[in-house]
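Counting from 1, the numbers follow the sequence of the chain as shown. Indexing begins at 1, ligand by ligand and atom by atom, following the structure's order.
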Amino acid sequence: MSADWHPTACILCECNCGIVVQTDGGHLAKIRGDKDHPTSRGYTCNKALRLDHYQNNPSRLTSPLRRRPDGSYQEIDWDTAVTEIAAGFKRIAETYGGNKIFYYGGGGQGNHLGGAYSSAFLKPLGSRYRSNALAQEKTGEYWVDAHFYGGHTRGEFEHAEVSVFVGKNPWMSQSFPRARTVLNEIAKDPARSMIVIDPVLTDTAKMADFHLRVKPGADAWCLAALAAVLVQENICDEAFLADHVDGADVVRDVLRTVPIDDYAKHSGVDNELLRAVARRIAAADSVSVFEDLGVQQAPNSTLCSYLDKLLWILTGSFAKRGGQHLHSTFAPLFSPGGVGRSPVTGSPIIAGLVPSNVVPQEILTNHPDRFRAMIVESSNPAHSIADSQACRAAFESLELLVVIDVAMTETARLAHYVLPAASQFEKAEATFFNLEFPHNTFHLRHPLFEPLPGTLPEPEIWARLVRALGIVSDDDLRPLREAAEQGRDAYTQAFLTELGANPALGKVLPYALYETLGPTLPDNLKGAAALWGLAQKAAITYPDAVRRAGHADGNALFDAILNTRSGVTFSVHEYADDFALISHPDHKIRLEMPEMLDEIRALRNTRPGLTTPEFPIVLSAGERRAFTANDIIRDPAWRKRDTDGALRVSVEDAEALGLVDGGRARITTAAGSAEARVEISATMQPGHAALPNGYGLDFVDTDGAVRVPGVAPNELTSAEWRDAYAGTPWHKHVPARIENAQSDLATASA
Ligand SMILES: Nc1nc2c(c(=O)[nH]1)N[C@H]1C(S)=C(S)[C@@H](COP(=O)(O)OP(=O)(O)OC[C@H]3O[C@@H](n4cnc5c(=O)[nH]c(N)nc54)[C@H](O)[C@@H]3O)O[C@H]1N2
Ligand SMILES: Nc1nc2c(c(=O)[nH]1)N[C@H]1C(S)=C(S)[C@@H](COP(=O)(O)OP(=O)(O)OC[C@H]3O[C@@H](n4cnc5c(=O)[nH]c(N)nc54)[C@H](O)[C@@H]3O)O[C@H]1N2
Ligand code: SF4
Ligand SMILES: [Mo]
């Protein structure tokens, strides 16, 4: 074992905490938090210590695979795979048009560098439509954010006097830096408060000063009532609204008509407690709000995004310590604008992403504009998109499906070709989830191991595919290649000149950087070449903040990124910068959204609750727990407990349904049926049950047997069950029937 500690990062959630590891052969033998990481500062949660189960995963792919007509796979060499795949997509583009090639994924929680090269292959082919998991959670919020201020905001929980978690359980799901440490600090400090809006008594809710235990799906009424208290009790921040907000009066007129007591009742929350929460928010110097899947994947999700942002806007908790902030971005996670509507279902394309839920419908049809071919990179949509059955049928009907992954996934099993990627510890890698303010950081991870034989890093895979298209020649690249040898300044000059002179280069930009700057980069960091362009852009977009962080220009920032093993602070903002980051010309928050105001008015005539006598229980399909990490780790041995992902049910429901703790239950929804182990839990309220996310992945055990521990949640979800504005799924709100399966089991074993 090597005694050196190598800096890298945990890849299991968007925090990407810095870690240091000792390696032993191909193993991550010892893992600790990295005290030098500028954001996580030594922090990790329990999951980071289990990362070797990702790196050494028996499902790892080690050769490109081509499907035989009988459905089995044949190992083929890289040259054959690349030639056939490039020819296949070219044929699709020539026959039907390049916009029939659909791209899904591009990165999970910790690996966004590979996807940064995809456009060099997709653009020349004419492919335009894409999507990824953000289109099944964050697009509704993005739509509201775009309207309000044209950016993404984050709370500064470390310093917030009041922290509000709406459908968010950070003790388990993290998502902001050093989450458990910060939650403990808030809980201990009598001057600070934590407010949790969640139907479940989660670990976070247990620490909260105020727990608004809403009925599942009733958040819109609860949030409308909270905002209405601010208005009706005249406790908004008038000076802030006058100076920095446009349209506040129209919004206040609507909120003035909200019957607060009725809405508290509809949402299952005590009226006095709800008012106390609103008053606590109004009295605070700073408020930070985090909304997540509990509302983003439930009915009225876009409306809830609108309403929960009113809590900090109406109280002016912006551009100050502990408040909500617009932050710098190193690389865009979303492409603004996009192409409007999806070709078959006409669904809204928000942030450039087709809603995940409509993907099967965009394929499984005779519509002439249907997608004919698909590339999936670092995602497992056959398992992670609603309605797995429809996904399987859709993907099987494609003329060409190529999957780039480290493991043989449910989606890979449907592909014509599977390309094996080097793992995230075998290549230069990075996350683009850089969402902090006032200090924002970027971490380029250096490879710890050689790529597993037979695998390639994605930048190289994309480069080979682009080369096979034969659209850029060596002559096109030569001037840039020569300039790269002469240093950064020469390269910058040549880049501007060549890009102007040779439009073909513009279409394959990341590829051009990879082929010309890439070979000059040290330490197996060729794949980091695309970061050069992003560093230039960051320096141009935030010149003062980048300089304050100690980087004279884009080249200096790029070199700091290459040379700093534990991550770099790339921007240092001042609180007042928040206003400058508002993209509207007057730099004011634009509050009026007529559709959302109509939705608030419409709450009066509806009631929460979508269950039926046939499906009387609300199932949350896909909760985050101590040992869940989306679909990133397939080997169930990584879990220290809950190995089969229990169905959590309330004491009351268990009694009514005759369920026993540790026994089996059958869960049936409109989409499907599954069986799970029962955990009776006092944390659940009657009528609400929960299954974890990331289970039901098939796995070939050491004895060669295929095992599928737990329930694949999307065997139980329906594609139509989605938000009207953003198309985001209602995974947290699936009407279900739950029955005791013990008797079935007895019959089966008899
Ligand atoms: N351990 C772990 N951490 C993770 C991940 C993981 O897989 N495992 N995944 C990462 C990813 S990709 C994401 S997007 C985040 C998600 O992070 P979270 O959104 O925090 O995760 P969830 O547990 O899916 O849902 C949050 C909460 O919503 C509540 N909820 C259910 N129904 C409702 C409702 O109707 N209203 C309200 N208000 N709440 C409701 C649930 O009780 C739950 O506590 O986690 C990240 N972190
Ligand atoms: N029912 C239900 N469905 C859900 C959710 C839910 O709560 N309930 N949550 C949703 C949310 S919020 C999210 S974010 C999605 C996540 O779902 P997906 O978008 O499918 O993403 P991951 O689960 O992160 O899958 C990552 C894939 O990347 C592969 N991988 C890992 N490292 C590498 C690498 O270096 N290169 C390549 N090429 N591949 C790699 C893994 O093997 C895995 O197959 O699931 C969504 N689906
Ligand atoms: S799972 Fe998330 S919070 Fe936990 S160590 Fe990994 S990156 Fe950090
Ligand atoms: Mo997510």
Min N/O separation Met172 to ligand 1 under 3.5 Å: yes
Polar side chain donor-acceptor pair, Asp723 to Thr302, under 3.5 angstrom: yes
Contact atoms of ligand 1, heavy-atom distance to Asn169 under 4.0 Å: 20 (O), 44 (O)
Non-hydrogen atom of Gln174 closer than 4.0 Å to ligand 1: no
Ligand 2-proximal atoms of Leu293, by part, heavy-atom distance under 4.0 Å: side chain
Atoms in ligand 2 with a heavy atom of Ala422 nearer than 4.0 Å: 35 (O)
Under 4.0 Å to a heavy atom of Asn111 - the qualifying atoms of ligand 2, by number: 33 (C), 34 (C), 35 (O), 36 (N)
Test item, Gly694 contacting ligand 1 (heavy atom, 4.0 angstrom): no
Where ligand 2 meets Gln136 - atom numbers and elements under 4.0 angstrom, heavy-atom basis: 46 (C), 47 (N)
Any Asn693 heavy atom less than 4.0 Å to ligand 1: no
Sub-4.0 Å atoms of ligand 1 with respect to non-hydrogen atoms of Val200: 42 (O)
Taking atom 9 (N) of ligand 1 as the reference point, the nearest protein heavy atom with its distance: Arg624 NE, 3.3 Å
Glu291 and its salt bridge (Lys or Arg N to Asp or Glu O under 4.0 Å) partner, picked from Lys168, Lys309, Arg154: Lys309
Residue selection (non-hydrogen contact nearest atom 10 (C) of ligand 2) among Gln296, Gln297, Glu715, Glu377: Gln297
Atoms of ligand 2, numbered as shown, that sit under 4.0 Å from any heavy atom of Ile632: 24 (O)
Nearest candidate to atom 28 (O) of ligand 2, where distance is taken over non-hydrogen atoms, out of Ser378, Ser423, Gly622, Ala407: Ser378
Of the listed options Ala220, Gly217, Ala298, closest to atom 35 (O) of ligand 1 (non-hydrogen atoms): Gly217
Atoms in ligand 1 flagged as close to Thr628, the criterion being non-hydrogen separation under 4.0 Å: 1 (N), 2 (C), 6 (C), 7 (O), 8 (N)
Those atoms of ligand 1 less than 4.0 Å from some heavy atom in Pro216: 35 (O)
Polar protein atoms (N, O or S) that approach atom 6 (Fe) of ligand 3 to under 2.8 Å: Cys10 SG
Atoms in ligand 1 with a heavy atom of Ser620 nearer than 4.0 Å: 31 (C), 32 (N)
Options Lys215, Lys47, Glu137, ranked by nearest heavy atom to atom 14 (S) of ligand 1, top entry: Glu137
Side chain, backbone, both or neither: Ser379 near ligand 2, heavy atoms under 4.0 Å: both
Salt-bridge criterion met for Glu426 and Arg60 (N-O under 4.0 Å): yes
Ala205, Pro170, Ser173: member with heavy atom nearest to atom 3 (N) of ligand 1: Ser173
Salt-bridge contact Asp642-Arg625 (side-chain N to carboxylate O under 4.0 Å): yes
Closest to atom 36 (N) of ligand 2 (judged by heavy-atom distance), picking from Glu458, His731, Glu426, Lys138: Glu458
Per-atom contacts of ligand 1 with Thr202, taking only distances under 4.0 Å to non-hydrogen atoms: 44 (O)
Any N or O of Lys732 closer than 3.5 Å to N or O of ligand 2: yes
Test of proximity, Pro381 against ligand 2: N or O pairs below 3.5 Å: no
Close approach of Arg625 to ligand 1, heavy atoms, under 4.0 angstrom: yes
Atoms in ligand 1 flagged as close to Glu14, the criterion being non-hydrogen separation under 4.0 Å: 10 (C), 46 (C)
Atom indices of ligand 2 within 4.0 angstrom of Lys427 heavy atoms, with elements: 34 (C), 35 (O), 36 (N)
Minimum non-hydrogen distance to atom 30 (N) of ligand 1, winning option of Ala626, Gly294, Cys15, Gly108: Gly294
Per-atom contacts of ligand 1 with Asp292, taking only distances under 4.0 Å to non-hydrogen atoms: 15 (C), 16 (C), 17 (O), 18 (P), 19 (O)
Ligand 1 contact by His733, heavy-atom criterion under 4.0 angstrom: no
